[in-house]
K.L.:
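The structure under discussion is supplied below as C-alpha coordinates; questions concerning it will follow.
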Amino acid sequence: MVDADSGWDGRAGEARTGRGTRDTGGTWGMRGARAADALPDRRVAAPDSRVALPGRRVAAVSLVALAALATGCEPGTATGAQDAPPPARPTQAAAPSPTAPVTEDAKPRTAPPPSPSASTAAPAPSPDPTTARPAPEPSTAPPPRVLMRTGSESDRVRELQARLRQIGHFGRNPTGYYGSVTADAVRSFQAKRRLPVTGSTDEVTWGRLLAMTRVPKAAELRPPTERPLAAPDERCLKGRVLCISKNSRTLAWMIDGKVVSAMDVRFGSEYTPTREGVFEVFWKSRDHVSTLYDTPMPYALFFSGGQAVHYSADFAANGYGGASHGCVNVRDKKKVAALFGQVRTGDKVVVYW
(Lines give C-alpha, C1' and ligand atoms only; values in the text may rest on other atoms or scores of the structure.)
Protein backbone atom coordinates (compact mmCIF):
# COMPACT_ATOMS: atom_id res chain seq x y z
CA MET A 1 0.00 0.00 0.00
CA VAL A 2 1.09 3.52 -0.66
CA ASP A 3 0.53 6.36 1.68
CA ALA A 4 -1.61 9.10 -0.05
CA ASP A 5 0.49 11.77 1.47
CA SER A 6 3.81 10.45 0.25
CA GLY A 7 4.13 13.29 -2.29
CA TRP A 8 4.67 11.08 -5.35
CA ASP A 9 3.91 12.55 -8.77
CA GLY A 10 3.25 10.72 -11.93
CA ARG A 11 6.74 10.82 -13.18
CA ALA A 12 8.21 9.51 -10.07
CA GLY A 13 5.76 6.63 -10.20
CA GLU A 14 6.60 5.92 -13.79
CA ALA A 15 10.28 5.96 -13.21
CA ARG A 16 9.98 3.65 -10.26
CA THR A 17 7.60 1.13 -11.66
CA GLY A 18 7.95 1.48 -15.40
CA ARG A 19 4.19 0.89 -15.76
CA GLY A 20 2.76 4.44 -15.84
CA THR A 21 0.30 5.03 -18.77
CA ARG A 22 -1.41 8.01 -20.16
CA ASP A 23 -5.25 8.48 -20.21
CA THR A 24 -7.28 9.35 -23.34
CA GLY A 25 -6.82 13.07 -22.82
CA GLY A 26 -3.09 12.77 -23.05
CA THR A 27 -2.58 13.59 -19.41
CA TRP A 28 -1.81 11.45 -16.36
CA GLY A 29 -4.83 10.13 -14.51
CA MET A 30 -5.71 10.76 -10.97
CA ARG A 31 -3.13 10.13 -8.29
CA GLY A 32 -5.46 7.62 -6.72
CA ALA A 33 -5.62 5.65 -9.94
CA ARG A 34 -1.84 5.62 -10.17
CA ALA A 35 -1.56 4.35 -6.64
CA ALA A 36 -4.03 1.59 -7.32
CA ASP A 37 -2.30 0.80 -10.57
CA ALA A 38 1.03 0.36 -8.79
CA LEU A 39 -0.30 -1.70 -5.86
CA PRO A 40 -0.29 -5.14 -7.52
CA ASP A 41 3.46 -5.01 -8.21
CA ARG A 42 4.28 -4.10 -4.58
CA ARG A 43 2.57 -7.16 -2.99
CA VAL A 44 5.69 -9.32 -3.35
CA ALA A 45 8.09 -6.68 -2.10
CA ALA A 46 9.64 -6.84 1.38
CA PRO A 47 7.54 -5.00 3.95
CA ASP A 48 8.40 -1.37 4.27
CA SER A 49 9.17 0.22 7.55
CA ARG A 50 6.38 2.59 6.89
CA VAL A 51 3.73 -0.19 6.91
CA ALA A 52 1.34 0.42 9.70
CA LEU A 53 1.97 -2.73 11.93
CA PRO A 54 2.25 -2.86 15.65
CA GLY A 55 5.88 -2.83 16.96
CA ARG A 56 5.63 -5.91 19.17
CA ARG A 57 4.11 -7.99 16.37
CA VAL A 58 6.96 -7.11 14.06
CA ALA A 59 9.54 -8.13 16.70
CA ALA A 60 7.80 -11.46 17.28
CA VAL A 61 7.65 -12.18 13.56
CA SER A 62 11.39 -11.44 13.22
CA LEU A 63 12.23 -13.76 16.13
CA VAL A 64 10.23 -16.61 14.62
CA ALA A 65 12.02 -16.16 11.29
CA LEU A 66 15.43 -16.32 12.95
CA ALA A 67 14.44 -19.46 14.84
CA ALA A 68 13.32 -21.16 11.65
CA LEU A 69 16.65 -20.42 10.03
CA ALA A 70 18.60 -21.76 13.07
CA THR A 71 16.81 -25.12 13.10
CA GLY A 72 17.68 -25.77 9.47
CA CYS A 73 21.50 -25.36 9.94
CA GLU A 74 24.16 -26.76 12.19
CA PRO A 75 23.20 -28.36 15.53
CA GLY A 76 24.08 -25.35 17.61
CA THR A 77 22.44 -24.45 20.90
CA ALA A 78 19.30 -22.42 20.38
CA THR A 79 18.04 -19.65 22.67
CA GLY A 80 14.68 -18.62 23.80
CA ALA A 81 12.05 -21.23 23.04
CA GLN A 82 14.79 -23.78 22.08
CA ASP A 83 16.04 -24.07 25.72
CA ALA A 84 13.45 -26.79 26.40
CA PRO A 85 15.06 -30.19 26.95
CA PRO A 86 14.91 -32.54 23.98
CA PRO A 87 12.58 -35.52 24.19
CA ALA A 88 14.07 -38.69 25.63
CA ARG A 89 15.28 -41.24 23.11
CA PRO A 90 13.46 -44.56 23.09
CA THR A 91 15.47 -47.57 24.32
CA GLN A 92 16.85 -49.86 21.66
CA ALA A 93 15.56 -53.10 23.14
CA ALA A 94 13.07 -53.71 25.85
CA ALA A 95 13.85 -56.14 28.66
CA PRO A 96 12.68 -59.64 27.81
CA SER A 97 9.63 -60.88 29.54
CA PRO A 98 10.09 -63.61 32.13
CA THR A 99 8.38 -66.14 29.91
CA ALA A 100 10.05 -65.17 26.61
CA PRO A 101 13.20 -67.12 25.62
CA VAL A 102 16.42 -65.18 26.07
CA THR A 103 18.19 -64.53 22.78
CA GLU A 104 21.88 -63.88 22.25
CA ASP A 105 21.24 -60.15 21.91
CA ALA A 106 19.65 -60.08 25.35
CA LYS A 107 22.62 -61.64 27.15
CA PRO A 108 24.66 -59.24 29.30
CA ARG A 109 28.13 -58.32 28.13
CA THR A 110 29.75 -59.58 31.33
CA ALA A 111 29.55 -63.20 32.49
CA PRO A 112 27.09 -63.73 35.32
CA PRO A 113 28.44 -65.01 38.63
CA PRO A 114 28.47 -68.82 38.97
CA SER A 115 25.38 -70.30 40.43
CA PRO A 116 25.61 -71.99 43.84
CA SER A 117 24.79 -75.33 42.21
CA ALA A 118 27.83 -75.09 39.92
CA SER A 119 30.26 -74.40 42.77
CA THR A 120 28.90 -77.25 44.83
CA ALA A 121 28.66 -79.76 41.97
CA ALA A 122 29.73 -83.28 42.79
CA PRO A 123 33.26 -84.26 41.62
CA ALA A 124 33.86 -86.83 38.91
CA PRO A 125 33.24 -90.38 40.07
CA SER A 126 36.36 -92.14 41.30
CA PRO A 127 37.40 -95.53 39.85
CA ASP A 128 35.75 -98.58 41.20
CA PRO A 129 37.64 -99.56 44.38
CA THR A 130 37.34 -103.18 43.35
CA THR A 131 39.42 -102.58 40.20
CA ALA A 132 41.93 -100.08 41.57
CA ARG A 133 45.07 -101.66 42.97
CA PRO A 134 47.08 -99.78 45.55
CA ALA A 135 50.74 -99.31 44.84
CA PRO A 136 52.83 -101.94 46.60
CA GLU A 137 54.72 -100.65 49.57
CA PRO A 138 58.49 -101.07 49.41
CA SER A 139 59.62 -104.10 51.34
CA THR A 140 61.79 -103.45 54.33
CA ALA A 141 62.69 -107.10 54.85
CA PRO A 142 66.33 -107.99 54.10
CA PRO A 143 66.96 -110.13 51.00
CA PRO A 144 67.30 -113.89 51.59
CA ARG A 145 70.79 -115.17 52.33
CA VAL A 146 72.66 -116.72 49.40
CA LEU A 147 73.80 -120.29 50.09
CA MET A 148 75.48 -121.19 46.77
CA ARG A 149 76.56 -119.21 43.74
CA THR A 150 78.79 -119.47 40.67
CA GLY A 151 82.23 -120.67 41.73
CA SER A 152 81.02 -122.67 44.74
CA GLU A 153 82.22 -126.27 45.04
CA SER A 154 80.90 -128.62 47.71
CA ASP A 155 78.75 -131.66 48.43
CA ARG A 156 75.75 -129.31 48.81
CA VAL A 157 76.28 -128.18 45.20
CA ARG A 158 76.29 -131.84 44.18
CA GLU A 159 72.98 -132.35 46.03
CA LEU A 160 71.56 -129.19 44.38
CA GLN A 161 72.44 -130.59 40.95
CA ALA A 162 70.97 -134.00 41.76
CA ARG A 163 67.70 -132.47 42.99
CA LEU A 164 67.45 -130.18 39.95
CA ARG A 165 67.97 -133.21 37.73
CA GLN A 166 65.07 -135.02 39.41
CA ILE A 167 62.60 -132.37 38.18
CA GLY A 168 64.15 -131.85 34.74
CA HIS A 169 66.18 -128.63 35.19
CA PHE A 170 69.65 -130.20 35.13
CA GLY A 171 70.41 -132.65 32.31
CA ARG A 172 73.79 -133.93 33.51
CA ASN A 173 75.28 -135.93 36.31
CA PRO A 174 76.26 -133.96 39.44
CA THR A 175 79.86 -132.75 39.59
CA GLY A 176 79.83 -130.72 42.81
CA TYR A 177 80.98 -127.58 40.96
CA TYR A 178 78.66 -124.54 40.58
CA GLY A 179 79.41 -123.43 37.02
CA SER A 180 77.42 -121.68 34.27
CA VAL A 181 75.37 -124.80 33.54
CA THR A 182 74.24 -125.01 37.17
CA ALA A 183 73.47 -121.27 37.28
CA ASP A 184 71.29 -121.59 34.17
CA ALA A 185 69.46 -124.54 35.73
CA VAL A 186 68.77 -122.49 38.88
CA ARG A 187 67.46 -119.57 36.79
CA SER A 188 65.11 -121.94 34.99
CA PHE A 189 63.79 -123.25 38.31
CA GLN A 190 63.35 -119.74 39.74
CA ALA A 191 61.51 -118.43 36.68
CA LYS A 192 59.05 -121.32 36.65
CA ARG A 193 58.28 -120.82 40.36
CA ARG A 194 58.05 -117.01 39.99
CA LEU A 195 61.00 -116.39 42.26
CA PRO A 196 63.59 -113.64 41.70
CA VAL A 197 65.68 -114.92 38.78
CA THR A 198 69.27 -114.50 39.98
CA GLY A 199 71.02 -117.78 39.14
CA SER A 200 72.23 -117.96 42.75
CA THR A 201 70.71 -120.37 45.24
CA ASP A 202 69.35 -118.42 48.21
CA GLU A 203 67.42 -119.71 51.22
CA VAL A 204 64.02 -119.28 49.52
CA THR A 205 65.10 -121.11 46.34
CA TRP A 206 66.74 -123.90 48.31
CA GLY A 207 63.68 -124.34 50.55
CA ARG A 208 61.31 -124.54 47.57
CA LEU A 209 63.58 -127.12 45.87
CA LEU A 210 63.78 -129.28 49.03
CA ALA A 211 59.97 -129.30 49.29
CA MET A 212 59.59 -130.52 45.68
CA THR A 213 62.27 -133.25 45.57
CA ARG A 214 63.49 -136.26 47.53
CA VAL A 215 66.87 -137.02 49.06
CA PRO A 216 69.22 -138.16 46.23
CA LYS A 217 70.69 -141.67 46.34
CA ALA A 218 74.43 -142.32 46.34
CA ALA A 219 74.44 -143.35 42.67
CA GLU A 220 72.65 -140.07 41.81
CA LEU A 221 75.15 -137.99 43.72
CA ARG A 222 78.32 -139.64 42.40
CA PRO A 223 77.82 -141.23 39.01
CA PRO A 224 80.95 -142.20 37.04
CA THR A 225 80.50 -139.29 34.64
CA GLU A 226 78.34 -136.28 34.22
CA ARG A 227 76.79 -137.84 31.14
CA PRO A 228 75.76 -141.45 30.68
CA LEU A 229 78.45 -143.57 29.09
CA ALA A 230 78.01 -144.55 25.49
CA ALA A 231 78.15 -148.15 24.38
CA PRO A 232 81.89 -148.90 23.91
CA ASP A 233 83.33 -149.23 20.48
CA GLU A 234 84.27 -152.85 19.66
CA ARG A 235 87.93 -151.79 19.43
CA CYS A 236 87.76 -150.99 23.14
CA LEU A 237 86.78 -154.50 24.29
CA LYS A 238 90.27 -156.03 24.38
CA GLY A 239 93.37 -154.95 26.28
CA ARG A 240 94.09 -151.70 28.11
CA VAL A 241 92.24 -148.99 26.30
CA LEU A 242 91.35 -145.30 26.73
CA CYS A 243 87.90 -145.47 25.08
CA ILE A 244 86.86 -141.88 24.13
CA SER A 245 83.38 -141.16 22.67
CA LYS A 246 82.72 -137.85 20.94
CA ASN A 247 79.01 -138.59 20.91
CA SER A 248 78.57 -138.95 24.69
CA ARG A 249 81.62 -136.76 25.46
CA THR A 250 82.97 -139.29 27.91
CA LEU A 251 86.21 -141.18 28.51
CA ALA A 252 86.16 -144.73 29.89
CA TRP A 253 89.34 -146.37 31.14
CA MET A 254 88.77 -150.04 30.27
CA ILE A 255 90.72 -153.24 30.84
CA ASP A 256 89.56 -156.30 28.89
CA GLY A 257 86.07 -154.88 28.27
CA LYS A 258 85.42 -153.68 31.85
CA VAL A 259 85.13 -150.00 32.87
CA VAL A 260 87.66 -149.12 35.57
CA SER A 261 86.83 -145.40 35.70
CA ALA A 262 84.95 -142.82 33.62
CA MET A 263 85.03 -139.05 33.30
CA ASP A 264 83.64 -136.16 31.24
CA VAL A 265 85.71 -134.77 28.40
CA ARG A 266 85.53 -132.08 25.72
CA PHE A 267 87.26 -131.79 22.36
CA GLY A 268 88.76 -129.33 19.92
CA SER A 269 86.73 -126.84 17.90
CA GLU A 270 85.92 -127.18 14.22
CA TYR A 271 89.10 -125.24 13.42
CA THR A 272 91.31 -127.45 15.64
CA PRO A 273 89.45 -130.78 15.72
CA THR A 274 90.49 -133.77 17.77
CA ARG A 275 91.66 -136.55 15.52
CA GLU A 276 89.66 -139.75 15.33
CA GLY A 277 91.06 -143.27 15.06
CA VAL A 278 93.19 -145.78 16.96
CA PHE A 279 96.37 -144.50 18.65
CA GLU A 280 98.63 -145.36 21.55
CA VAL A 281 100.11 -143.37 24.43
CA PHE A 282 103.68 -142.44 23.46
CA TRP A 283 104.53 -139.89 26.17
CA LYS A 284 103.41 -138.96 29.68
CA SER A 285 104.09 -135.47 31.21
CA ARG A 286 102.77 -134.75 34.71
CA ASP A 287 103.30 -130.95 34.79
CA HIS A 288 103.33 -130.16 31.14
CA VAL A 289 102.99 -126.62 29.71
CA SER A 290 102.11 -126.11 26.06
CA THR A 291 104.97 -124.54 24.12
CA LEU A 292 102.55 -123.54 21.35
CA TYR A 293 99.81 -121.88 23.44
CA ASP A 294 101.72 -121.33 26.69
CA THR A 295 98.99 -122.96 28.79
CA PRO A 296 99.29 -125.61 31.55
CA MET A 297 98.49 -129.21 30.58
CA PRO A 298 98.74 -131.20 33.86
CA TYR A 299 98.73 -135.02 33.73
CA ALA A 300 99.19 -135.05 29.97
CA LEU A 301 98.99 -138.41 28.10
CA PHE A 302 100.08 -137.73 24.50
CA PHE A 303 98.64 -140.02 21.82
CA SER A 304 98.80 -138.11 18.44
CA GLY A 305 101.40 -135.44 17.79
CA GLY A 306 100.64 -132.58 20.17
CA GLN A 307 97.21 -133.90 21.12
CA ALA A 308 96.90 -135.42 24.59
CA VAL A 309 94.45 -136.31 27.34
CA HIS A 310 94.99 -133.80 30.21
CA TYR A 311 93.32 -131.78 32.95
CA SER A 312 91.80 -128.38 31.92
CA ALA A 313 91.07 -125.68 34.47
CA ASP A 314 89.07 -123.81 31.82
CA PHE A 315 86.85 -126.84 31.26
CA ALA A 316 86.32 -127.14 35.03
CA ALA A 317 85.25 -123.46 35.25
CA ASN A 318 83.30 -122.92 32.01
CA GLY A 319 82.11 -126.34 31.00
CA TYR A 320 81.18 -126.95 27.42
CA GLY A 321 81.04 -123.25 26.64
CA GLY A 322 84.60 -123.49 25.31
CA ALA A 323 86.75 -125.94 23.39
CA SER A 324 90.31 -127.20 23.27
CA HIS A 325 92.95 -126.83 20.57
CA GLY A 326 92.59 -130.50 19.68
CA CYS A 327 93.36 -132.17 23.04
CA VAL A 328 90.95 -134.24 25.11
CA ASN A 329 90.19 -132.07 28.18
CA VAL A 330 89.18 -133.57 31.53
CA ARG A 331 87.61 -131.35 34.22
CA ASP A 332 87.80 -133.72 37.19
CA LYS A 333 91.33 -133.25 38.43
CA LYS A 334 91.28 -136.15 40.90
CA LYS A 335 90.09 -138.62 38.32
CA VAL A 336 92.61 -137.62 35.68
CA ALA A 337 95.39 -137.72 38.27
CA ALA A 338 94.40 -141.31 39.17
CA LEU A 339 94.21 -142.16 35.48
CA PHE A 340 97.70 -140.73 34.88
CA GLY A 341 99.06 -143.12 37.50
CA GLN A 342 97.44 -146.19 35.95
CA VAL A 343 98.02 -145.68 32.22
CA ARG A 344 101.32 -146.87 30.76
CA THR A 345 103.16 -145.86 27.65
CA GLY A 346 101.96 -148.07 24.71
CA ASP A 347 98.39 -148.41 25.97
CA LYS A 348 95.74 -148.09 23.24
CA VAL A 349 93.69 -144.94 22.62
CA VAL A 350 90.44 -145.15 20.59
CA VAL A 351 88.64 -141.90 19.56
CA TYR A 352 85.27 -142.41 17.84
CA TRP A 353 81.76 -141.07 17.36
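One is the number of the first residue; the rest follow in order along the sequence.
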K.L.:
Under the 3.5 angstrom rule, does the side chain of Gln190 hit a backbone N or O of Ser200 as a donor-acceptor pair?
P.N.:
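Between the backbone of Ser200 and the side chain of Gln190 there is a qualifying donor-acceptor contact (under 3.5 Å).
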K.L.:
Indicate if Val350 and Val343 have the same hydrophobic cluster label, given that clusters are the connected sets of ILVMFWY residues with side-chain heavy-atom separations under 4.5 angstrom.
P.N.:
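Each belongs to a different hydrophobic cluster.
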K.L.:
Could you report the tightest heavy-atom contact between Asp347 and Arg344, atom names first, then the distance?
P.N.:
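Closest approach of Asp347 to Arg344: OD2-N, 2.9 Å.
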K.L.:
For a 4.5 angstrom cut-off between non-hydrogen side-chain atoms, does Trp206 reach Glu159?
P.N.:
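Trp206 vs Glu159: side chains touch.
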K.L.:
What distance do Tyr352 atom OH and Glu276 atom CD have between them, rounded to the nearest 0.5 Å?
P.N.:
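Answer for the OH-CD pair, Tyr352 versus Glu276, is 11.5 Å.
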K.L.:
Decide salt bridge (charged side-chain N to carboxylate O under 4.0 Å, His left out) for Arg222 and Asp155; before the verdict, give the C-alpha distance in whole Å, the side-chain angles of both, and the deciding distance to 0.1 Å.
P.N.:
CA-CA 10 Å; Arg222 298 182 183 278; Asp155 288 341; 3.1 Å; yes
K.L.:
Is the distance between the ring centroids of Phe315 and Tyr320 less than 6.0 Å?
P.N.:
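Distance test on ring centres: under 6.0 Å, yes.
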K.L.:
Let me confirm one number: the CG-NZ distance from Leu301 to Lys284, rounded to the nearest 0.5 Å.
P.N.:
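Between atom CG of Leu301 and atom NZ of Lys284 there are 6.5 Å.
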K.L.:
Is Arg194 atom CZ crowded by more than 12 heavy atoms from other residues, nucleotides or ligands, each under 6.0 Å away?
P.N.:
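No, the 6.0 Å shell around CZ holds no more than 12 heavy atoms from other groups.
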K.L.:
Salt bridge check, Glu153 against Arg158: does any charged N sit closer than 4.0 Å to a carboxylate O?
P.N.:
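Between Glu153 and Arg158 there is no salt bridge, as every charged N stays at least 4.0 Å from the carboxylate O atoms.
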K.L.:
Side chains of Thr201 and Tyr178 only: does a donor on one sit below 3.5 Å from an acceptor on the other?
P.N.:
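Yes.
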K.L.:
In sequence, state the C-alpha distance, the side-chain angles, and the governing distance for Cys327 and His310, and then conclude on side-chain contact (heavy atoms from CB on, under 4.5 Å).
P.N.:
CA-CA 8 Å; Cys327 291; His310 67 87; 3.5 Å; yes
K.L.:
Less than 4.5 Å apart, side chain to side chain, heavy atoms only: is that true for Val328 and Gln307?
P.N.:
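Contact flag for Val328/Gln307 side chains = no.
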K.L.:
Starting from the C-alpha separation in whole Å, work towards a yes-or-no answer on side-chain contact (heavy atoms from CB on, under 4.5 Å) for Lys192 and His169.
P.N.:
CA-CA 10 Å; Lys192 190 171 183 179; His169 288 279; 4.3 Å; yes
K.L.:
Fit a plane to each ring of Phe302 and Phe282, take the angle between them on a 0 to 90° scale, and name the class: parallel (under 30°), tilted (30 to 60°) or perpendicular (over 60°).
P.N.:
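Phe302 and Phe282: tilted rings.
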K.L.:
Just by modelled atom types, is the Ser248 backbone N or O under 3.5 Å from a matching donor or acceptor in the Ser245 side chain?
P.N.:
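Judged by distance alone, yes, a pair lies under 3.5 Å.
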K.L.:
Which atom names give the shortest non-hydrogen contact between Ala183 and Thr150, and what distance separates them?
P.N.:
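For Ala183 versus Thr150, the nearest heavy atoms are CB-OG1, 3.8 Å.
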K.L.:
Kindly work out whether a path of hydrophobic side-chain contacts (I/L/V/M/F/W/Y, heavy atoms less than 4.5 Å apart) joins Val289 to Val336.
P.N.:
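No, no single cluster joins them.
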K.L.:
Would you check if the side chain of Glu220 reaches a backbone N or O of Lys217 as a donor-acceptor pair within less than 3.5 Å?
P.N.:
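It does hold such a pair.
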K.L.:
If you measure from the Lys or Arg side-chain nitrogens to the Asp or Glu carboxylate oxygens, is any gap between Glu280 and Lys348 under 4.0 Å?
P.N.:
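Lys348 and Glu280: not salt-bridged.
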K.L.:
From Ser290 OG over to Leu292 CG, what is the distance, rounded to the nearest 0.5 angstrom?
P.N.:
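The OG atom of Ser290 sits 5.0 Å away from the CG atom of Leu292.
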K.L.:
Specify whether Phe279 and Phe303 have parallel, tilted or perpendicular ring planes, treating 30° as the upper limit for parallel and 60° as the lower limit for perpendicular.
P.N.:
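Answer is tilted, since the angle falls between 30° and 60°.
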K.L.:
Would you name the heavy atoms of Ala252 and Val259 that are closest together and state the gap between them?
P.N.:
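In terms of heavy atoms, the two residues are closest at CB-CG1, 4.3 Å.
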K.L.:
Write down the atom of Arg214, the atom of Arg163, and the distance for their closest heavy-atom approach.
P.N.:
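Here Arg214 and Arg163 meet closest at O-NH1, 3.1 Å.
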K.L.:
Ignoring hydrogens and geometry beyond distance, is a side-chain donor-acceptor pair present between Thr272 and His325 at under 3.5 Å?
P.N.:
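No - no donor-acceptor pair under 3.5 Å links their side chains.
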K.L.:
Compare every heavy atom of Glu270 with every heavy atom of Pro273, then report the nearest pair and how far apart it is.
P.N.:
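Here Pro273 and Glu270 meet closest at CD-O, 3.8 Å.
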K.L.:
With rounding to the nearest 0.5 angstrom, report the CG to CE distance, Leu229 to Met263.
P.N.:
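So the CG of Leu229 and the CE of Met263 are separated by 10.0 Å.
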K.L.:
Could you walk me through whether Thr198 and Thr205 pass side-chain contact (heavy atoms from CB on, under 4.5 Å), step by step?
P.N.:
CA-CA 10 Å; Thr198 61; Thr205 302; 5.8 Å; no
K.L.:
Start with the C-alpha distance between Trp253 and Val241, add both sets of side-chain angles, then the distance that settles side-chain contact (heavy atoms from CB on, under 4.5 Å), and finish with yes or no.
P.N.:
CA-CA 6 Å; Trp253 167 234; Val241 183; 5.8 Å; no
K.L.:
When hydrophobic residues are tied together by side-chain contacts of less than 4.5 Å, even through go-betweens, does Val157 share a cluster with Leu210?
P.N.:
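Same hydrophobic cluster.
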K.L.:
Measure the spacing between OG of Ser261 and NZ of Lys334 and express it to the nearest 0.5 Å.
P.N.:
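One gets 15.0 Å once the value is rounded to the nearest 0.5 Å.
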K.L.:
Can you check whether Gln166 reaches Pro216 side chain to side chain, under 4.5 Å on heavy atoms?
P.N.:
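Of all side-chain heavy-atom pairs linking Pro216 with Gln166, at least one is under 4.5 Å.
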K.L.:
Quick one: which of Thr274, Asn318, Asn329 gives a side chain to side chain donor-acceptor pair (under 3.5 Å) with Arg266?
P.N.:
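Of Thr274, Asn318, Asn329, side chain to side chain donor-acceptor pair (under 3.5 Å) with Arg266 is met by Asn329 alone.
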K.L.:
Going by heavy atoms in the side chains, are Gln161 and Thr175 under 4.5 Å from each other?
P.N.:
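When only atoms from C-beta onward are counted, Thr175 and Gln161 do touch, with a gap below 4.5 Å.
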K.L.:
Taking Arg208 first and then Asp202, would you say they form a salt bridge - that is, a charged N and a carboxylate O separated by under 4.0 Å?
P.N.:
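No, Arg208 and Asp202 are not salt-bridged.
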K.L.:
Cluster question for you: counting only ILVMFWY and a side-chain heavy-atom cut-off of under 4.5 Å, with indirect links fine, are Tyr311 and Leu251 together?
P.N.:
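Yes, Tyr311 connects to Leu251 through the hydrophobic network.
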K.L.:
Between Thr213 (side chain) and Leu209 (backbone), is there a donor-acceptor pair under 3.5 Å?
P.N.:
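Yes.
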K.L.:
Please check if Met148 and Tyr177 belong to a single hydrophobic cluster, counting links between Ile, Leu, Val, Met, Phe, Trp and Tyr side chain heavy atoms closer than 4.5 Å.
P.N.:
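Result: no, two separate clusters.
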K.L.:
Would a 4.5 Å heavy-atom cut-off, applied to side chains only, mark Leu164 and Val186 as touching?
P.N.:
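Side-chain contact under 4.5 Å: yes.
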K.L.:
I need the Asp256 CG to Cys236 SG distance, nearest 0.5 Å.
P.N.:
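Spacing of CG (Asp256) from SG (Cys236) equals 12.5 Å.
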K.L.:
In plain terms, say whether Asp233 and Arg235 are close enough for a salt bridge, that is, a side-chain N and a carboxylate O under 4.0 Å apart.
P.N.:
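Salt bridge present between Asp233 and Arg235.
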K.L.:
Taking side chain as C-beta onward, heavy atoms only, is Met254 less than 4.5 Å from Pro232?
P.N.:
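Result yes, sub-4.5 Å side-chain heavy-atom pair found.
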K.L.:
So do Lys335 and Tyr299 actually touch side chain to side chain, heavy atoms under 4.5 Å?
P.N.:
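No, their side chains stay 4.5 Å or more apart.
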K.L.:
With heavy-atom distances below 4.5 Å as the criterion, would you say the side chains of Ile244 and Val309 are in contact?
P.N.:
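Contact flag for Ile244/Val309 side chains = yes.
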